[in-house]
Amino acid sequence: MTNLSKSQFQEIDAYLDIFREQEAKPRTICIPYELWCKQNGKEPVSSESIRLWLERERKPTQLNSFYEYVHSINDHIGDDPEQLLMRVVDHLFPSGHDNNLAKLKRLAGIYKIIRKLWTPANSEDCFECCVVISVSGSKVTYTEYERFNSARPIDEIYTGYVFLFGSSVWIIAHEQHGSCIKFLTIHDFSPPILSQARSIDFCRGNLIAVSGNGPNFSHPFAMRRVRNEFRQGRKVLREEVKLDPDVYDYLYVNDEKEKIG
């Protein structure tokens, strides 16, 4: 390894400043860096060397592979914004696993999602609609067709991106022609997301919708894989909801807690 130039050291320091501002731990940097080295056949420098520099205790003189890693990130600043988003999330919020894309590909397919209605307030009714999870290059995308009749006709499409974190999946999606963002987390999968088994058939989690005007509602949801894509959803009265007892109880978990209280 050869010594880096002054400008190369400055580029690394500027990169580390982002993590210093966040008071990030060294592993936040080292996990994606070591994965990059593995993918590119590079020999990683020690995590201790990176820790010393991050915490300004000592500046090592030879960090060539780490510089290449940092420079590769900076080289993509002008890339397609979707690709840049994938890289930023991957580097700033590492999942802790190798080959996230292979795990997320197991979600690809068509699903029926069911959750309680947001309006009217405190509704006991649910709605079902179509969700499509797709893989395009290094991206995993989410599309939800929220079309059904409630107090008024609803015709909204949400599009966004799917990420892995630990043993959970998180999704951020934006209404195409509106002012609402959805944030979904999925924690329960059948079969488990981290296994090497077949495609995911069923999953459940929690969703919060962030509206410019608020209030921002949150509900549990469940998704089950279906064969054919459908665009028209439907409202389902509570007494008409047909789900396994544990899934039904999960959708109405807040109601049950209130009864106990």
Side-chain angles (χ1 to χ4, degrees), residues 82 104-136 139-163 169-190 193 198-255:
E82 290 183 329
L104 290 174
K105 280 182 176 179
R106 298 180 52 235
L107 277 166
I110 306 166
Y111 296 84
K112 179 184 289 185
I113 187 172
I114 182 169
R115 64 162 173 79
K116 289 200 294 184
L117 292 170
W118 284 320
T119 57
N122 302 315
S123 174
E124 292 293 293
D125 300 329
C126 290
F127 85 95
E128 298 174 340
C129 68
C130 183
V131 164
V132 180
I133 297 179
S134 305
V135 179
S136 176
K139 304 187 299 292
V140 180
T141 60
Y142 175 94
T143 306
E144 180 180 321
Y145 300 97
E146 194 169 309
R147 293 171 176 166
F148 66 103
N149 292 317
S150 182
R152 60 180 178 82
I154 305 295
D155 188 356
E156 300 168 353
I157 300 177
Y158 289 82
T159 57
Y161 306 94
V162 183
F163 303 96
V169 162
W170 61 279
I171 300 166
I172 187 167
H174 183 259
E175 185 182 354
Q176 285 188 343
H177 304 292
S179 57
C180 183
I181 291 175
K182 287 184 178 179
F183 182 77
L184 302 88
T185 64
I186 307 175
H187 64 275
D188 184 27
F189 304 85
S190 179
I193 188 71
R198 53 185 170 78
S199 299
I200 302 300
D201 291 323
F202 174 84
C203 55
R204 60 184 179 179
N206 294 278
L207 178 155
I208 185 168
V210 182
S211 170
N213 298 322
N216 299 320
F217 298 103
S218 176
H219 285 311
F221 70 86
M223 293 201 312
R224 189 176 300 280
R225 184 181 293 271
V226 295
R227 291 189 177 185
N228 300 313
E229 186 173 328
F230 60 99
R231 297 300 175 89
Q232 185 63 40
R234 70 186 186 102
K235 178 180 174 180
V236 185
L237 300 178
R238 177 169 182 167
E239 56 269 22
E240 296 176 349
V241 174
K242 297 179 180 179
L243 291 168
D244 295 337
D246 63 326
V247 180
Y248 180 92
D249 291 344
Y250 179 72
L251 292 183
Y252 289 97
V253 62
N254 292 330
D255 297 352

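Numbers for residues simply follow the sequence, beginning at 1. Keep in mind that the numbers below use all heavy atoms, side chains included, and drop hydrogens, waters and symmetry copies. What you see is a predicted model, and the numbers here were worked out from it, not measured in a lab.
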If you round to the nearest 0.5 Å, how far is CD1 of I113 from SG of C203? 8.0 Å
Taking all heavy atoms of L251 and all of A222, pick out the closest pair and write down the distance. CD2-N, 4.0 Å
Once ring pair (Phe, Tyr, Trp, His ring centres under 6.0 Å) is applied, do any residues pair with Y145, and if so which ones, sequence neighbours excluded? none
Would you say R198's side chain and R106's backbone share a donor-acceptor pair under 3.5 angstrom? no
Without hydrogens or angle criteria, can the side chains of Y250 and N206 be said to hold a donor-acceptor pair below 3.5 Å? yes
Just wondering, do Y111 and V226 contact through their side chains at under 4.5 Å, heavy atoms? no
Partners of Y142 by ring pair (Phe, Tyr, Trp, His ring centres under 6.0 Å), sequence neighbours excluded? none
Considering residues at least two apart in sequence or located in another chain, which fulfil the side-chain contact (heavy atoms from CB on, under 4.5 Å) criterion with N216? I208, V210, S211
Basic-acidic side-chain contact under 4.0 Å: K182, E156: no
By the definition side-chain contact (heavy atoms from CB on, under 4.5 Å), identify the one residue from L104, V169, L107, I171 that meets it with V140. L104
Return the set of residues passing side chain to side chain donor-acceptor pair (under 3.5 Å) with E229 (not counting sequence neighbours), or none when no residue passes. R231
Can you tell me how far the CZ atom of R225 sits from the OG atom of S190, to the nearest 0.5 Å? 11.0 Å
Do T141 and T159 touch side chain to side chain, with heavy atoms closer than 4.5 Å? no
Pair Y252, C126 - check side chain to side chain contact (heavy atoms under 4.5 Å, CB included), show working. CA-CA 10 Å; Y252 289 97; C126 290; 3.4 Å; yes
List the residues meeting salt bridge (charged side-chain N to carboxylate O under 4.0 Å, His left out) with R227, not counting sequence neighbours, and say none if there are none. none
Is it true that a side-chain atom of S218 and a backbone atom of L207 form a donor plus acceptor pair closer than 3.5 Å? yes
Would you compute the distance between atom CZ of F230 and atom CD of E128 and round it to the nearest 0.5 angstrom? 7.0 Å
Distance check, rounded to the nearest 0.5 Å: F127 atom CZ versus K235 atom NZ? 12.0 Å
Taking every non-hydrogen atom, the tightest pair across E146 and Y158: OE1-CE1, 3.7 Å
With sequence neighbours excluded, residues passing side chain to side chain donor-acceptor pair (under 3.5 Å) with D125: none
With rounding to the nearest 0.5 angstrom, report the CZ to CD distance, R147 to Q232. 8.0 Å
Before giving the answer on side chain to side chain contact (heavy atoms under 4.5 Å, CB included), spell out for I157 and T143 the whole-Å C-alpha distance, their side-chain angles and the decisive distance to 0.1 Å. CA-CA 7 Å; I157 300 177; T143 306; 4.0 Å; yes
For I200 and I193, what are the C-alpha separation, side-chain angles and deciding distance, and is it a side chain to side chain contact (heavy atoms under 4.5 Å, CB included)? CA-CA 7 Å; I200 302 300; I193 188 71; 4.2 Å; yes
Testing T185, I114, L184, V131 one by one against F221 for a side-chain contact (heavy atoms from CB on, under 4.5 Å), which residue passes? L184
Return the CE to CZ distance between M223 and R115, rounded to the nearest 0.5 Å. 12.5 Å
Report yes if the side chains of E144 and C129 come closer than 4.5 Å at any heavy-atom pair, otherwise no. yes
